[in-house]
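Proteins get letters first, then strands, A, B, ... in listed order; numbering begins at 1 in each.
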There are 2 protein chains.
Amino acid sequence: MKYCYPYPHPAVTTDMVIFTIRDSQLCVLLIKRRDEPFKDQWALPGGFVAEDEDIEQCAMRELREETGIDKVYLEQLYTFGKPDRDPRERVITVAYYALLPSDQLAIRAASDAVDVKWFEVSSISKLGFDHNQIVNIAQQRLIAKLDYSTIAFQLLPDLFTLTEVQRVYEIILGQAIDKRNFRKQILALDNLQKTKQQRRDGAHRPAFLYKLKKRDRIEWIR
Amino acid sequence: MKYCYPYPHPAVTTDMVIFTIRDSQLCVLLIKRRDEPFKDQWALPGGFVAEDEDIEQCAMRELREETGIDKVYLEQLYTFGKPDRDPRERVITVAYYALLPSDQLAIRAASDAVDVKWFEVSSISKLGFDHNQIVNIAQQRLIAKLDYSTIAFQLLPDLFTLTEVQRVYEIILGQAIDKRNFRKQILALDNLQKTKQQRRDGAHRPAFLYKLKKRDRIEWIR
DNA sequence: TCAAAAGTGTTCTCTTTACACCCATGC
DNA sequence: GCATGGGTGTAAAGAGAACACTTTTGA
């Protein structure tokens, strides 16, 4: 009990909603908690903000601890602070969401977890804390942002086919998109560079691979 | 020093960006600080989150303390947590913004302020803490949200003319809008109810007053 | 009677949608 | 040669932008 203050201070954590596309499904990374509260239940990865750590750095650290990955899209989502959301003490959590390219799926359990796994967003059951709500809000944000930004490319590897881009949109929006109209629109953004490489993928015509003109840059559209 | 924890806990505050329209300008409420740090400088109203208080309730309390007003539009903006943003100690702030109808402008200095005043957003000088950044982000959010929600009506009184609605849009967006197109669009939302009342306002034809069909409801458009 | 803001439709342009066939490959 | 996904254009409909005159009032 070394840290004392004249007024009560809440604990502050970050929780991460880490999205990826896996087997044509939008998935979220969850951990099985090693400790109470909600021991052995699934929950979002997260942890306490250290004394001299920026909250975004804290979120990046959590991400690195669970995935070993560093340079991915990360955005603050919302701050949740109901007084009773953690049974131990007052904990305010700043939720972030991250988008992981589908070719970078190595994961490992951090020290606070006995297991770590990808779950399809559509089939997540009851999580610890208020984490179902956090996942829902993250999913809404992701859907909304597809419409007015180029965020979807953050879920794709460096090289991708146009059909792969379309799949990402269809999976997140949950509806089919017309192929020709989609290609027209996505190419009109002037973000994509056609390469000379092709991908052979079964008994059909190979697809050209594209890359982003400016990787790591989210553009706003409309 | 009664509140002790085994790990360091940051202080958590809420800061409020309270917008209104005054004299055809977008304005923000600022307080002149009574105490250090940044004593006698202008800053956003805000305060510490109490032990058993939801953070949104805390923001509403701040709003009430400065304006006496309770039922206005309030939305969480962003959480700022750089370790050195407050010289006293580690303080993480959850920023909110509020929209005040232009007929409810009574304000009073709360106990932590020696003065309180409306400032035009366009002419705010250096504020305490990182509050200039917070105001900028709030203004960006407001501009963005005009486009895809009916948030603008939260800056208007219960009864208003169509020209007044248009002025709100023009002031926030900083550009003139075509009158006929604007009216067509705003009436197409099917949110407005024309009343039989008119407002006489100088040497010209009086304007019909409108009201919202569902006050307190923000609709998403597009 | 003059000045000032309220109120009101149509045309044109651009954007969005709907829709069908040939191509390159693996088996 | 046949099944599979890759790749391409045009026409119709809908949305957004441009634009000017009459009405009502107060002074």
Side-chain angles (χ1 to χ4, degrees), chain A residues 21 23-24 102 143-144 146-150 152 156-157 159-171 173-211 219-222, chain B residues 21 23-24 102 143-144 146-150 152 156-157 159-171 173-211 219-222:
Chain A
I21 304 277
D23 302 330
S24 297
S102 47
I143 291 171
L146 272 204
D147 244 33
Y148 64 92
S149 81
T150 57
L156 288 161
L159 290 170
F160 46 81
T161 68
L162 293 183
T163 300
E164 285 169 343
V165 183
Q166 188 177 338
R167 289 281 168 276
V168 169
Y169 277 82
E170 289 178 331
I171 289 164
L173 298 177
Q175 59 184 18
I177 303 174
D178 178 86
K179 183 165 41 160
R180 279 175 292 189
N181 292 336
F182 180 81
R183 289 176 180 225
K184 225 181 307 168
Q185 287 164 28
I186 215 80
L187 291 173
L189 296 177
D190 197 31
N191 269 354
L192 295 189
Q193 179 112 43
K194 188 176 186 173
T195 70
K196 285 171 183 163
Q197 301 172 64
Q198 291 179 307
R199 172 170 301 155
R200 250 164 257 236
D201 178 32
H204 54 86
R205 181 171 172 177
F208 277 98
L209 292 172
Y210 286 75
K211 62 179 181 183
E219 314 260 349
W220 264 250
I221 56 194
R222 289 216 301 195
Chain B
I21 305 276
D23 301 331
S24 297
S102 47
I143 291 171
L146 272 204
D147 244 33
Y148 63 88
S149 81
T150 57
L156 288 161
L159 290 171
F160 47 82
T161 67
L162 294 183
T163 301
E164 285 170 343
V165 183
Q166 188 176 339
R167 288 282 168 279
V168 169
Y169 275 82
E170 289 178 330
I171 289 164
L173 297 177
Q175 58 183 20
I177 302 174
D178 178 86
K179 183 165 45 158
R180 278 175 292 188
N181 291 337
F182 180 80
R183 289 176 179 226
K184 223 182 305 169
Q185 288 164 29
I186 216 80
L187 291 172
L189 296 177
D190 196 31
N191 270 353
L192 295 189
Q193 179 112 42
K194 189 175 185 174
T195 71
K196 286 171 184 164
Q197 300 170 65
Q198 291 179 307
R199 172 170 302 156
R200 252 164 256 236
D201 178 32
H204 54 85
R205 179 170 174 176
F208 277 98
L209 292 172
Y210 287 75
K211 63 179 181 183
E219 313 260 349
W220 264 248
I221 56 194
R222 288 218 300 195

Short N/O separations, protein against nucleotides 13-18 of chain C, under 3.5 angstrom:
from	atom 1	to	atom 2	distance (Å)
C:dT17	O4	A:Lys184	NZ	3.3
C:dA18	N7	A:Asn181	ND2	2.9
C:dA18	N6	A:Asn181	OD1	3.1

**Message:** Any base atoms under 4.0 Å from B:Arg183, or only sugar-phosphate, or nothing? Heavy atoms, all strands.
**Reply:** base
Report the distance from atom [atom1] of [X] to atom [atom2] of [N], rounded to the nearest whole Å.
X        : N      : atom1 : atom2 : result
B:Leu187 : C:dT8  : CG    : C1'   : 11 Å
B:Ile177 : D:dA18 : CD1   : C1'   : 15 Å
B:Leu209 : C:dA6  : CG    : C1'   : 12 Å
A:Asp201 : C:dC23 : CG    : P     : 22 Å
A:Glu164 : D:dG5  : CD    : P     : 14 Å
B:Phe182 : C:dT8  : CZ    : P     : 15 Å
B:Gln166 : C:dA5  : CD    : P     : 13 Å
A:Arg200 : C:dG26 : CZ    : C1'   : 10 Å

Taking [X] for its side chain and [Y] for its backbone only, find out whether a donor-acceptor pair lies under 3.5 Å.
X        : Y        : result
A:Gln166 : A:Ile177 : yes
B:Thr195 : B:Leu209 : yes
A:Thr150 : A:Glu219 : yes
A:Gln185 : A:Phe182 : no

Identify all pairs in which a protein N or O lies below 3.5 Å from an N or O of nucleotides 21-24 of chain D, and state each distance.
from	atom 1	to	atom 2	distance (Å)
D:dT23	O4'	B:Arg205	NH1	3.3
D:dT23	O2	B:Arg205	NH1	3.4
D:dT24	O2	B:Arg205	N	2.6

What I want to check is whether the side chains of B:Arg183 and B:Thr163 have a donor and an acceptor closer together than 3.5 Å.
yes
- Task: Could you list the residues that satisfy salt bridge (Lys or Arg N to Asp or Glu O under 4.0 Å) with B:Asp178, not counting sequence neighbours?
- Result: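 Applying salt bridge (Lys or Arg N to Asp or Glu O under 4.0 Å) to B:Asp178 gives none.
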D:dG6 phosphate, OP1 or OP2, under 4.0 Å from A:Thr163 side-chain N/O:
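Affirmative; the distance criterion is met.
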Checklist entry - Any salt bridge between B:Arg167 and B:Glu164, counting N to O under 4.0 Å? => result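 Looking at B:Arg167 and B:Glu164, the cut-off is not met.
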Show the nearest heavy-atom pair for residues B:Ser149 and B:Tyr169, with the distance to one decimal.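 Distance-wise, the nearest heavy atoms are O-OH, 4.1 Å.
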request  = Test B:Leu189 against B:Leu192 for side chain to side chain contact (heavy atoms under 4.5 Å, CB included), laying out the working first.
outcome  = CA-CA 8 Å; B:Leu189 296 177; B:Leu192 295 189; over 6 Å; no
